[in-house]
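For ligands, and for the atoms within them, numbers begin at 1 and follow the listed sequence.
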Amino acid sequence: VTEAPEARARHLVAPFAARATRHDADATFPAENLSELRAARLTGLTVPEAAGGDGAGPLSFARVTTILAEGCPATALLFTMHVAALAQIGRDGRPEQRERLFADAVAGRIFGIAYSDAPVTGDPAGLRATPSAEGWRLNGRKSYVTGAAVVDGFVATVVDTDGGEFKAVLPAVGAPGLTVQPAWDALGMRASASDDLLCKEYPLPYSDRLGPRDDGEDAGFQPNGLFALGFAATSVGIANAALASMRVELALRSEGEPGRIAQVARYRLADAETEAAAASALLEAAASALASSGEGATAPVNAAKLFANRAAVKVVDLAMQAIGGRAYVRPHPVERLYRDARAGLLMRNTEDQCREEIARASLA
Ligand SMILES: Cc1cc2nc3c(=O)[nH]c(=O)nc-3n(C[C@H](O)[C@H](O)[C@H](O)COP(=O)(O)OP(=O)(O)OC[C@H]3O[C@@H](n4cnc5c(N)ncnc54)[C@H](O)[C@@H]3O)c2cc1C
């Protein structure tokens, strides 16, 4: 009997949560979580059935990602990167590339995303491509690459000699010319190990340039709705995890009689329940809109991300205040979730970019 993807994800919550404290402490990615994602056959979740995947749409992806985030928000982020990378491959890849890379994903290959350039690192930002006999030589760096040391490859943006941008599929680090530089000593999402990816004379063959598509248009950075949806789902998972912790702690204190705990604690719980439920409802609405309208679903997708990112911050704060000092001290899960929640608003679309998109859609 084949279990539904959400049920397969649900089994992973407890083992993911058990590893979260350790990887938060040392800012390493929980590589075991990736083995378990593969074993649960979730790496092919959104790959079309014809290519051997589950053929799941945005709603199933959003639900699975929420569940994964309840156990480990960093793993949910990486899962989002992987699914969004597959969407880019689906949109921009040549038929031969789609077939090969989709088969890789079904077999368990997990892709990271290397789009971001942080100019603060000292080196000139970005990856530069110089033409060579077999394709290109890549040099440079990408920053904030979630799971850089543990993923099985990347979809990366590359700057051509003429200043244009294209996307490339890179192998895992360890291939000649590809290394990771630890750089991720972050406030939260520490287990995402979003380190720097360095390229030194990496030989990119023609076959690993993503596209160009048949219409000749180049495949530079174009976010797809699944990024925003996955980041929203990660925030909903964080809110759900904090809420679960809050329920357990307050239930212990009330011993079956809600009147035993302070009214203010009950009201905080009610506010947290309401925020999480609203975030979840907007996420589902956005997933349905993405399924029916595709990339035209700008307003609902951005609204879901904006609301969920803010709701996670609110819910962890309510949980900490209601639980008290215990929740401020490691290794209480709410202490970690409080820090993890903050990342959502910084990730694309950032809080401001979401508002910009929603306002523009409203006035269109
Ligand atoms: C935990 C974590 C994991 C990450 N993982 C990855 C990864 O795996 N791969 C990857 O490529 N990147 C990753 N990133 C980077 C991320 O995707 C964003 O690119 C980055 O956090 C935001 O870019 P920036 O820091 O350059 O900010 P900027 O884009 O410089 O933004 C700075 C400020 O300006 C505002 N702003 C910028 N543009 C606009 C606009 N058009 N309209 C309105 N306001 C605007 C923003 O809202 C923000 O407040 C990760 C980031 C985090 C926090």
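- Below 3.5 Å of separation, one finds no N or O of Glu356 facing any N or O of ligand 1.
- Residues Glu165 and Val158 form no side-chain contact, since every pair of their non-hydrogen atoms from C-beta on lies 4.5 Å or further apart.
- Residue Ser194 touches ligand 1 through its side chain alone, judged by heavy-atom distances below 4.0 Å.
- Glu3 and His11 share a side-chain donor-acceptor pair at under 3.5 Å.
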**Request:** For the pair Tyr328 and Met320, evaluate side-chain contact (heavy atoms from CB on, under 4.5 Å) and give the outcome as yes or no after the intermediate values.
**Result:** CA-CA 7 Å; Tyr328 191 70; Met320 186 173 281; 3.8 Å; yes

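- The distance criterion of under 3.5 Å between nitrogen or oxygen atoms is met by Ile113 with respect to ligand 1.
- Among Met81, Arg355, Lys142, Arg348, the residue whose heavy atom lies nearest to atom 23 (O) of ligand 1 is Arg348.
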Counting only pairs under 3.5 Å, give me each side-chain donor-acceptor contact of residues 278-290, with atom names and distances, residues two or more places apart or in other chains.
| unit_1 | atom_1 | unit_2 | atom_2 | d |
| --- | --- | --- | --- | --- |
| Glu284 | OE1 | Arg63 | NH2 | 2.8 |
| Glu284 | OE2 | Arg63 | NE | 2.9 |
| Ser288 | OG | Glu284 | O | 3.0 |

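- The distance criterion of under 3.5 Å between nitrogen or oxygen atoms is not met by Asp117 with respect to ligand 1.
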For residues 357-364, tabulate all N or O donor-acceptor pairs below 3.5 Å that involve a side-chain atom, not counting sequence neighbours.
| unit_1 | atom_1 | unit_2 | atom_2 | d |
| --- | --- | --- | --- | --- |
| Arg360 | NE | Glu356 | OE2 | 3.2 |
| Arg360 | NH2 | Glu356 | OE2 | 3.2 |

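- For the pair Trp184 and ligand 1, the shortest N or O to N or O distance does not fall below 3.5 Å.
- When non-hydrogen atoms are compared, ligand 1 lies under 4.0 Å from the side chain of Leu77 (C-beta onward) but not from its backbone.
- Arg209 has no carboxylate O lying under 4.0 Å from a charged side-chain N of Asp92, or vice versa, which leaves the two without a salt bridge.
- Checked against a 3.5 angstrom limit, the closest N/O atoms of Thr350 and ligand 1 fall inside it.
- A salt bridge (charged side-chain N to carboxylate O under 4.0 Å, His left out) with Arg190 holds for exactly one of Asp185, Asp195, Asp340; it is Asp185.
- Polar contact with ligand 1: present for Tyr115 (N/O pair, distance under 3.5 Å).
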